[in-house]
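Numbers restart at 1 for each chain; the letters A, B, ... are given by sequence-line order, proteins then strands.
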Protein chains: 2
Amino acid sequence: MQLNNTTQYAIRILSYIANKHDKQLYSAKELAEILSIPYKFLTKIMTELVKADFILSIRGREGGYKLSRPASEISIMDVLNQFNEFVEQKQCLLGIGMCDNNNKCGLHDQWVKPKKMIKDMFENTTLENLDGNGYKI
Amino acid sequence: MQLNNTTQYAIRILSYIANKHDKQLYSAKELAEILSIPYKFLTKIMTELVKADFILSIRGREGGYKLSRPASEISIMDVLNQFNEFVEQKQCLLGIGMCDNNNKCGLHDQWVKPKKMIKDMFENTTLENLDGNGYKI
DNA sequence: TTTAAATACTACTAAAAGGTAGAATTAAAC
DNA sequence: GTTTAATTCTACCTTTTAGTAGTATTTAAA
């Protein structure tokens with residue numbers, strides 16, 4: 001019941017870039033140091049973020065990364081989907097194929113409400129409305 | 001944002017044993033076939049369930065497994081804890097150590113409510129009050 | 001025009017999770 | 001007593017996830 005490592009990193013990277021408006025570009029070196037993410041692993045994730053069109057990269061000397069669209073237009077759910085978390089909404093909590101009202105697992109009914117809250121939370125939270133300033137990175 | 005395989009299997013096994021009162025003992029062979037869980041992997045999980053005192057095993061010919069206490073006294077949360085899911089309540093959603101009101105990650109505030117719902121759901125659901133009969137196994 | 005500092009690509013290694021094999025142990029049935 | 005059917009133990013194999021290494025490419029500065 002946790003997000004995987006790569007997804008956690010991705011959210012932290014995007015959230016950091018989104019909430020610091022004092023600069024235009026962030027280099028991988030800089031992000032890796034500030035966020036304590038292994039440099040080589042971070043660059044791998046950056047490439048994926050670029051391909052997913054969350055991030056725009058400028059190559060060459062003085063290059064770096066920035067958001068490819070306004071922070072308000074990227075929800076946490078968008079990021080989760082890109083990293084294969086929570087992809088299939090009907091995915092059974094107990095791993096027995098797909099779950100719906102006609103095909104329930106033992107936990108299905110109890111799971112409906114919490115699942116909806118999680119879903120709404122991730123859909124309604126964008127890179128812009130994370131918890132303002134002052135949170136750990 | 002999923003339970004891991006082993007945990008899913010464990011819940012399914014316990015829930016099956018708890019909700020079929022027409023027998024005293026279930027053998028690993030039988031459980032593996034009915035629940036479509038690889039036999040050898042299931043026996044491994046059974047051993048863990050025995051050690052965790054959810055299950056009582058009878059060895060030797062005509063042996064098998066049964067619950068070690070009433071189904072109403074084993075919550076899903078108990079099982080999750082045993083299998084290292086959700087163990088640490090303060091565990092940060094973004095993987096930045098521990099989270100609380102004095103030490104928040106960017107998603108902390110939004111995560112509080114959904115997390116509480118999930119927690120309550122898992123704590124209040126026991127092997128007895130899974131969705132009655134007729135659900136898939 | 002060379003050099004330096006950045007991203008991108010390809011391929012590998014390490015650790016964790018999922019799963020398998022085979023033999024040891026136990027105890028009822030025969 | 002021997003056999004048979006069950007659980008248990010130890011060790012291994014496979015797949016996925018996490019992380020590393022090295023080189024190629026790009027582009028602005030010197």
Which donor-acceptor pairs under 3.5 Å do side chains of residues 62-77 of chain B form with protein atoms, sequence neighbours excluded?
from	atom 1	to	atom 2	distance (Å)
B/Ser68	OG	B/Asp53	O	2.6
B/Ser68	OG	B/Asp53	OD1	3.4
B/Ser68	OG	B/Phe54	O	3.2
B/Arg69	NE	B/Asp53	O	3.2
B/Arg69	NH1	B/Glu73	O	3.3
B/Ser75	OG	B/Met77	N	3.4
B/Ser75	OG	B/Asp78	N	3.1
B/Ser75	OG	B/Asp78	OD1	3.4
B/Ser75	OG	B/Asp78	OD2	3.2

Not counting sequence neighbours, which residues clear side chain to side chain contact (heavy atoms under 4.5 Å, CB included) with B/Asn101? List them please. B/Lys104, B/His108
Base-contact (B) and sugar-phosphate-only (S) positions in nucleotides 18-23 of chain D, heavy-atom cut-off under 4.0 Å, - elsewhere: SBBBBB
Which sits closer to the 5' end of DNA chain D, B/Lys51 or B/Gly63, going by the nucleotide each is nearest to? B/Gly63
Hey, could you give me each pair passing side chain to side chain donor-acceptor pair (under 3.5 Å) that has a residue in residues 8-17 of chain B? Not counting sequence neighbours. B/Ser15-B/Tyr135
Are the side chain of A/Thr47 and the backbone of A/Thr43 linked by a donor-acceptor contact shorter than 3.5 Å? yes
What distance do A/Leu93 atom CG and B/Leu3 atom CG have between them, rounded to the nearest 0.5 Å? 4.5 Å
Would you please confirm or rule out a distance under 4.0 Å between OP1 or OP2 of D/dT8 and any side-chain N or O of B/Tyr65? yes
Rounded to whole Å, how long is the line connecting atom CG of B/Leu49 with atom P of D/dT8? 11 Å
For the pair made of CZ in B/Phe83 and P in C/dG18, what is the distance, rounded to whole Å? 11 Å
Figure out the NZ/P separation between A/Lys66 and C/dA6, and round it to whole Å. 17 Å
Using salt bridge (Lys or Arg N to Asp or Glu O under 4.0 Å) as the criterion, list what pairs up with A/Asp120, not counting sequence neighbours. A/Lys116
Atom NZ of A/Lys29 and atom P of C/dA5 are separated, to the nearest Å, by 9 Å
Rounding to a whole Å, what distance do you find between B/Met46:CE and D/dC9:P? 14 Å
Taking N or O atoms only and anything under 3.5 Å, show me the protein contacts with nucleotides 13-16 of chain D, one pair per line.
none

Qualifying residues under side chain to side chain contact (heavy atoms under 4.5 Å, CB included), relative to B/Thr6, sequence neighbours excluded: B/Asn4, B/Phe41, B/Ile45, B/Phe83
Would you mind reading off the distance between A/Ile45 atom CD1 and C/dA8 atom P, rounded to a whole angstrom? 14 Å
Using whole Å, what does the distance between atom C1' of nucleotide D/dT17 and atom CD of A/Glu48 come to? 12 Å
For B/Glu48, which residues count as a salt bridge (Lys or Arg N to Asp or Glu O under 4.0 Å) partner, sequence neighbours excluded? none
According to side chain to side chain donor-acceptor pair (under 3.5 Å), who are the partners of A/Glu30, at least two apart in sequence or on a separate chain? A/Lys23
May I ask you to verify if any side-chain N or O of A/Ser57 is less than 4.0 angstrom from the OP1 or OP2 atom of C/dA8? yes
Rounding to a whole Å, what distance do you find between B/Glu33:CD and D/dA5:P? 14 Å
Can you give one letter per nucleotide of nucleotides 25-30 of chain D, 5' to 3': B if a protein heavy atom sits under 4.0 Å from the base, S if only from the sugar-phosphate, - if neither? BBBBS-
So which residues get pulled into A/Ile58's cluster when ILVMFWY side chains under 4.5 Å apart are joined, directly or through others? A/Leu25, A/Leu56
Besides B/Met98, the hydrophobic cluster formed by Ile, Leu, Val, Met, Phe, Trp and Tyr side chains linked at under 4.5 Å, directly or via other members, contains none
